[in-house]
Amino acid sequence: MVRIKIDDMDLGQIAKSGQCFRMEELEQGIWSVTAGTQYIEAVKEGEEFLFSCEEEEFKRVWFHYFDLEGDYCGYKKQVPEEDSYLREAIRCGWGVRILRQDLWEMLVTFLISQNNNIPRIKGSVRELCNRFGEEKKGRGLKMSSAGMWEEVTRSFKTFPAPDSIASAGLPGLSDLGLGYRDKYILHMAQCCSGPDGEKWMSDLKKADYENAHATLLTQYGIGKKVADCVCLFGLHHVGAFPVDTHVKQIITTYYPNGFPLNRYEGYAGILQQYMFYHKINRLAAE
DNA sequence: TACCAGGTCGCTG
DNA sequence: CAGCGACCTGGT
């Protein structure tokens with residue numbers, strides 16, 4: 001187990017921030033995180049977080065995954081007092097961070113996200129993993145009768161590999177609640193399969209934001225918004241600023257003269273997350 | 001019952 | 001190039 005103090009992070013908020021669709025609360029504050037082919041559980045205890053892995057794995061995988069090198073306090077400070085809307089959004093979603101998620105997983109989940117709602121996206125992703133994912137053993141957390149945290153074995157499903165979806169074909173993608181998005185996902189799976197697919201993705205990871213965005217736009221089913229989500233969540237180009245129906249509404253309501261993107265050059269995507277979180281959770285939170 | 005959801009495609013002017 | 005209807009489907 002790893003015990004570490006982390007500021008500006010709340011797992012419940014991250015789970016409800018619409019960037020990941022497989023994070024869930026098991027019981028009494030135990031969060032399960034399934035990321036690609038990896039699994040971990042975490043709880044918060046006072047000022048510290050407890051993670052169900054060894055120090056080595058935490059440093060190699062999870063430190064990076066939770067973007068613990070990111071200075072969120074610094075980002076927040078850039079927002080001026082006068083912007084009372086964004087100040088309030090940050091106060092509401094103070095613990096949201098941009099996870100460094102798997103590129104392939106982001107391609108698929110944000111293809112699913114288009115013109116869709118979050119509960120249904122989660123259902124489709126879950127069924128996709130159940131059908132095509134690999135069953136693996138991971139480590140979880142459990143409170144012992146003595147009131148001590150201990151590690152337990154937990155089985156989970158990995159996010160399916162491109163070739164397993166590609167070989168399933170369109171018929172294999174039925175009954176997952178994907179609707180018309182099934183064909184986009186099949187195309188994407190074919191694009192990302194095999195050695196060529198590996199290269200396509202690794203080149204994408206090396207590209208800067210402009211080039212990555214342009215490359216993504218050439219893909220069937222990926223438009224401006226999904227491309228920005230993939231850039232932000234799958235490639236960690238935090239300058240990407242996805243504009244969806246919610247953000248559009250926020251801008252018309254609070255920024256009639258346009259959102260000041262210039263002010264937040266290179267990290268506007270971080271602020272977009274606070275805005276989005278506030279928009280979809282403000283009612284439930286009160 | 002209609003409308004909406006982390007939009008994009010394909011067609012028209 | 002801009003505008004606009006169609007589109008799967010579950011939730012409210």
Side-chain angles (χ1 to χ4, degrees), chain A residues 13-24 86 89 92-93 96-128 130-131 165 168-191 212-255 259 261 268-285:
Chain A
Q13 290 177 21
I14 292 174
K16 288 188 289 181
S17 71
Q19 62 176 303
C20 57
F21 303 97
R22 299 193 71 193
M23 203 169 147
E24 55 178 332
L86 202 39
C92 170
V96 173
R97 307 176 78 91
I98 310 280
L99 302 176
R100 291 182 184 254
Q101 300 186 77
D102 177 69
L103 172 59
W104 158 244
E105 186 172 341
M106 292 304 96
L107 287 164
V108 176
T109 57
F110 280 94
L111 276 173
I112 296 173
S113 79
Q114 65 173 261
N115 196 27
N116 208 342
N117 57 62
I118 291 177
R120 192 155 79 104
I121 298 164
K122 283 182 177 168
S124 289
V125 172
R126 183 172 52 246
E127 291 310 308
L128 195 67
N130 283 340
R131 186 174 297 184
I165 291 181
L170 273 188
L173 291 174
S174 59
D175 303 320
L176 298 171
L178 297 172
Y180 61 83
R181 306 162 193 82
D182 56 357
K183 55 187 182 288
Y184 303 151
I185 290 159
L186 181 59
H187 264 261
M188 204 67 247
Q190 289 163 345
C191 171
H213 193 267
T215 301
L216 287 165
L217 277 183
T218 67
Q219 290 300 311
Y220 185 43
I222 298 187
K224 194 169 153 48
K225 189 272 175 179
V226 171
D228 271 325
C229 285
V230 173
C231 283
L232 181 55
F233 304 125
L235 297 166
H236 207 75
H237 293 308
V238 293
F241 188 83
V243 178
D244 72 314
T245 154
H246 294 297
V247 174
K248 226 171 260 174
Q249 288 172 38
I250 292 167
I251 291 174
T252 42
T253 307
Y254 299 100
Y255 303 95
F259 185 74
L261 276 176
I270 308 270
L271 303 169
Q272 188 270 10
Q273 270 308 98
Y274 295 125
M275 295 160 71
F276 185 83
Y277 177 86
H278 174 72
K279 174 75 161 58
I280 64 170
N281 294 296
R282 79 201 127 84
L283 293 174

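Just so you know, these numbers use all the heavy atoms, side chains as well, and skip hydrogens, waters and symmetry mates. Treat the numbers as computed from the prediction; the structure is a model and nothing was measured. Throughout, protein chains are lettered first and strands after them, A, B, ... in sequence-line order, and every chain is numbered starting at 1.
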In this structure, how many angstroms lie between the [atom2] atom of [N] and the [atom1] atom of [X], rounded?
X	N	atom1	atom2	result
A:Leu216	B:dC9	CG	C1'	17 Å
A:Tyr180	C:dG10	OH	C1'	13 Å
A:Ile121	C:dT9	CD1	C1'	12 Å
A:Tyr184	C:dC8	OH	P	9 Å
A:His246	B:dA5	NE2	C1'	7 Å
A:Leu128	C:dT9	CG	C1'	17 Å

Just wondering, do [Y] and [X] contact through their side chains at under 4.5 Å, heavy atoms?
X	Y	answer
A:Ile98	A:Phe233	yes
A:Ile14	A:Cys20	yes
A:Val230	A:Val226	yes

Using a 3.5 Å limit on both distances, find every run of at least three consecutive Watson-Crick or G-U pairs that involves DNA chain B.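 For DNA chain B the paired stretches long enough to count as stems (3 pairs minimum) are B:2-5 with C:9-12, B:7-13 with C:1-7.
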Under 4.0 angstrom, heavy atoms only, what part of the nucleic acid is [X] near: base, sugar-phosphate, or nothing?
X	answer
A:Gln273	base
A:Gly177	nothing
A:Phe233	base
A:Gly179	base
A:Ser17	base

Roughly how far, to the nearest 0.5 Å, is CD1 of A:Ile165 from CE of A:Met188?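 Result: 11.0 Å between the selected atoms.
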How many angstroms lie between NZ in A:Lys225 and OG in A:Ser113, if you round to the nearest 0.5 Å?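 Those atoms lie 4.0 Å apart.
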Taking A:Tyr277's backbone N and O only, do any of them form a donor-acceptor pair with A:Ser17's side chain (distance below 3.5 Å, no angle check)? no
Donor-acceptor contact present, side-chain A:Asn116 to main-chain A:Ile112, <3.5 Å: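 Yes: the side chain of A:Asn116 pairs with the backbone of A:Ile112.
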Which of residues 111-119 of chain A sit near DNA chain C, with a heavy atom under 4.0 Å from it?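 Residues of residues 111-119 of chain A that come under 4.0 Å of DNA chain C are, in numerical order, A:Asn115, A:Asn117.
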How far does the P atom of C:dC8 sit from the matching atom of B:dC11, given to the nearest Å? 15 Å
More than 12 heavy atoms from other groups under 6.0 Å of NZ on A:Lys183: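 More than 12 heavy atoms, drawn from other residues, nucleotides or ligands, come within 6.0 Å of this atom.
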Pick out the pairs of N or O atoms, protein on one side and nucleotides 2-4 of chain C on the other, that lie under 3.5 Å.
none

Compare every heavy atom of A:Val96 with every heavy atom of A:Gln19, then report the nearest pair and how far apart it is.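 Result for this residue pair: NE2-CG1, 4.3 Å.
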How are the rings of A:Phe259 and A:Phe241 set relative to one another: parallel (under 30°), tilted (30 to 60°) or perpendicular (over 60°)? parallel
Tell me if the centroids of the rings in A:Phe110 and A:Phe21 come within less than 6.0 Å of each other. yes
